[in-house]
Amino acid sequence: MCGIIGAIQKKGEVAPFIHQALKRLEYRGYDSVGVTTIADNELYMKKDKGKIDQVHKKLDLDDLPGSTGIGHTRWATHGIPSMLNSHPHFDCSNEIAVVHNGVIDNFMELRRELKKKGHQFESETDTEVIPHMIEDYMKNGYSLEEAVKEVALIIEGTYAVVAMCTKEPGKIVVTRDGNPLVIGKKENAVYVSSDIPAFLPMTDNMVLLLDGEIAVLTVDDIEIEKLSDGERVDRDAIKISWTADQAQKSGYPHFMLKEIHEQPDAIRNTLRLRDEEIEKAAKMIDNAERVFLLAMGTSGHAALAGRHMFASLGGVLATSELASDFADTVYDTITKSDLVVAITQSGETTDTITAVKSARQQGAKVLAITNVVGSSITRIADHTLITQAGPEIGVAATKTFMVQLTSLAQIALKLGEISGKPGTDELEKKRESLHGLPDIVSRVIATEEEHARQIAGLFYDSPSMLFLGRGISMATAFEGALKLKEIAYNHAEGYSAGESKHGPIALVQDGFPVFFVAPRDDTRSRIIGNIMEMKARGASIISVIEEGDDELLELSDHSFAIPKGVEPEFTTMAYVVPLQLVSYYMATRKGYDPDKPRNLAKSVTVL
Ligand code: F6R
């Protein structure tokens with residue numbers, strides 16, 4: 001949440017780069033934007049509420065002098081979106097500028113003390129205490145670095161902070177605790193950002209900054225030390241395998257559509273994960289007394305599907321838990337014999353990180369599945385599988401969901417191998433099916449995209465819809481409903497088809513849209529029963545079925561056909577695709593930007 005960027009160039013004006021970097025970070029928040037640079041020992045600033053393009057049109061964000069600068073695109077927590085609440089924030093004399101991502105829990109008390117000392121505040125944000133505190137320390141002879149260090153030890157909560165000061169031009173000081181920051185380095189320039197795509201067109205050399213560390217950046221040097229004891233940290237740069245092209249729309253109208261189309265490759269690349277990595281993950285599961293899959297949102301739906309895969313292929317009972325509620329439910333029972341499997345595309349979701357940390361405190365082992373190298377979860381986990389979706393820019397997760405499912409399927413197959421239960425031939429058949437999924441997903445996109453656009457045109461103004469499935473298809477149905485509500489803003493409820501007659505059926509009347517996820521698996525005959533119940537009450541049935549399933553075709557008002565050859569454990573990966581496309585086309589039909597749904601952000605770093 002909130003995108004932050006800082007950059008120092010040896011020469012040339014930095015503002016146009018900061019503006020473009022913010023565009024690449026806009027998926028992290030988009031209610032206001034600001035850029036500040038230093039030139040001739042003065043701060044130059046432009047900021048306002050609104051999306052980056054709107055603010056740029058009004059203020060020209062490229063037109064700021066100087067080769068050192070910082071920028072911010074905001075997802076509001078403290079204070080409404082407004083010009084004054086936009087970052088960067090400044091001290092009383094406009095010498096210090098700060099951008100921040102996170103939440104400062106003790107800001108009220110700090111603000112009161114600062115006001116007593118005569119500091120003038122302009123915004124309602126928690127962030128603004130930081131430049132004023134830095135100002136106090138610098139007045140007492142501290143350098144910017146020393147001042148930021150002192151402030152970091154006083155503020156409570158989570159933060160990634162980037163600060164600069166006119167008294168020390170050509171320098172940016174950064175620190176983090178609980179919110180991401182990565183440093184990019186190339187000859188004659190240094191960058192710092194909350195996410196890699198911001199500086200990817202300039203460099204693929206990344207230096208990680210960990211929680212509790214502070215870094216001083218100049219164009220020639222990156223000095224990192226620990227906040228706790230000042231110990232110097234020597235950390236090599238690592239090469240990022242993502243390319244700048246992957247973070248472009250490449251001719252697609254939206255990132256979301258591009259990312260839906262990238263799913264076959266994302267699966268293919270994830271299937272290339274090293275066997276030893278998968279085996280290590282499977283052994284951790286096999287050795288654990290109990291296995292908890294922890295995740296939020298779409299990743300939670302991957303967890304639900306993973307639970308089915310583990311049970312069906314590996315004979316392992318895992319429970320899938322909302323990370324946000326973990327501490328309030330099973331936490332007290334966790335022991336060192338348990339394993340938590342954290343599934344998080346960003347690797348930064350605070351709900352998930354907090355739950356995992358608490359499980360660790362109880363002694364549990366941690367396996368992580370994430371798409372981001374060096375993200376917070378990778379540093380907490382005993383073992384991490386890095387999925388290979390490449391950068392996902394659309395806020396609504398699509399290809400990262402697909403690769404989470406892919407790696408869960410790989411682990412499930414390995415569990416099957418370890419247990420020996422499914423038998424070699426059976427396992428081989430399943431493996432072939434999994435490896436056939438990239439082609440199947442390509443075919444689904446090729447044959448069903450136009451159809452999804454038409455269905456979207458028929459139902460986009462329905463105020464409410466149901467998405468039903470049984471067994472693993474519940475995860476598919478939940479995901480279909482989530483995609484729809486988050487980007488098209490129609491009310492949609494994902495439900496167990498079995499449970500639907502115990503309440504939700506009361507919503508159904510003539511023309512009420514009910515989506516059924518109905519692969520040809522063991523649930524099919526019961527799903528037919530549920531379709532009949534809904535039809536009897538006038539529902540419009542839209543089903544996702546296997547190609548050639550004439551009986552279901554006949555029972556449905558509309559249907560999407562998925563090629564044969566998808567084993568029951570992997571149906572989510574193929575059957576969710578038409579639902580992603582329907583949501584996309586409903587959102588665009590209604591004139592919404594599916595890449596930037598209102599009130600949401602790509603990584604949710606608040607509790
Ligand atoms: C939905 C979506 C969110 C995320 C959730 C968890 O499209 O993207 O529901 O799935 O915020 O995020 P990660 O996977 O980064 O932990």
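Ligands are counted one by one from 1 in listed order, and the atoms in each one are counted from 1 as well. Quick note: numbers below take in every heavy atom, side chains included, and nothing from hydrogens, waters or symmetry partners. For the single chain, residues carry numbers from 1 onward in sequence order.
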For K258 and E262, what are the C-alpha separation, side-chain angles and deciding distance, and is it a salt bridge (charged side-chain N to carboxylate O under 4.0 Å, His left out)? CA-CA 6 Å; K258 176 183 174 241; E262 284 173 343; 3.0 Å; yes
Closest to atom 13 (P) of ligand 1 (heavy atoms only, candidates T352, T298, T349) is T349
Closest heavy-atom approach to atom 14 (O) of ligand 1 among S299, G347, A397, G297 is made by S299
Only one of L367, T378, I369 passes side-chain contact (heavy atoms from CB on, under 4.5 Å) with H383; say which it is. L367
Partner of I4 under side-chain contact (heavy atoms from CB on, under 4.5 Å), picked from I70, T73, L181, is L181
Between V395 and ligand 1, which residue portion shows a heavy-atom distance shorter than 4.0 Å: side chain, backbone, both, or neither? backbone
Pick one of side chain, backbone, both or neither for how E486 approaches ligand 1, counting any non-hydrogen atom pair under 4.0 Å. side chain
Is the distance between the ring centroids of F467 and F478 under 6.0 Å? no
Rounded to the nearest 0.5 Å, how far does NE2 of H261 lie from OG1 of T398? 10.5 Å
Can you tell me how far apart CG (D325) and CG (D351) are? Round to the nearest 0.5 Å. 8.5 Å
Identity and distance of the protein heavy atom lying nearest [atom]:
atom	value
atom 11 (O) of ligand 1	V604 CG2, 4.0 Å
atom 6 (C) of ligand 1	M296 O, 3.3 Å
atom 15 (O) of ligand 1	S346 OG, 2.6 Å

Only heavy atoms of K483, strictly under 4.0 Å: list the atoms of ligand 1 that pass. 1 (C), 7 (O)
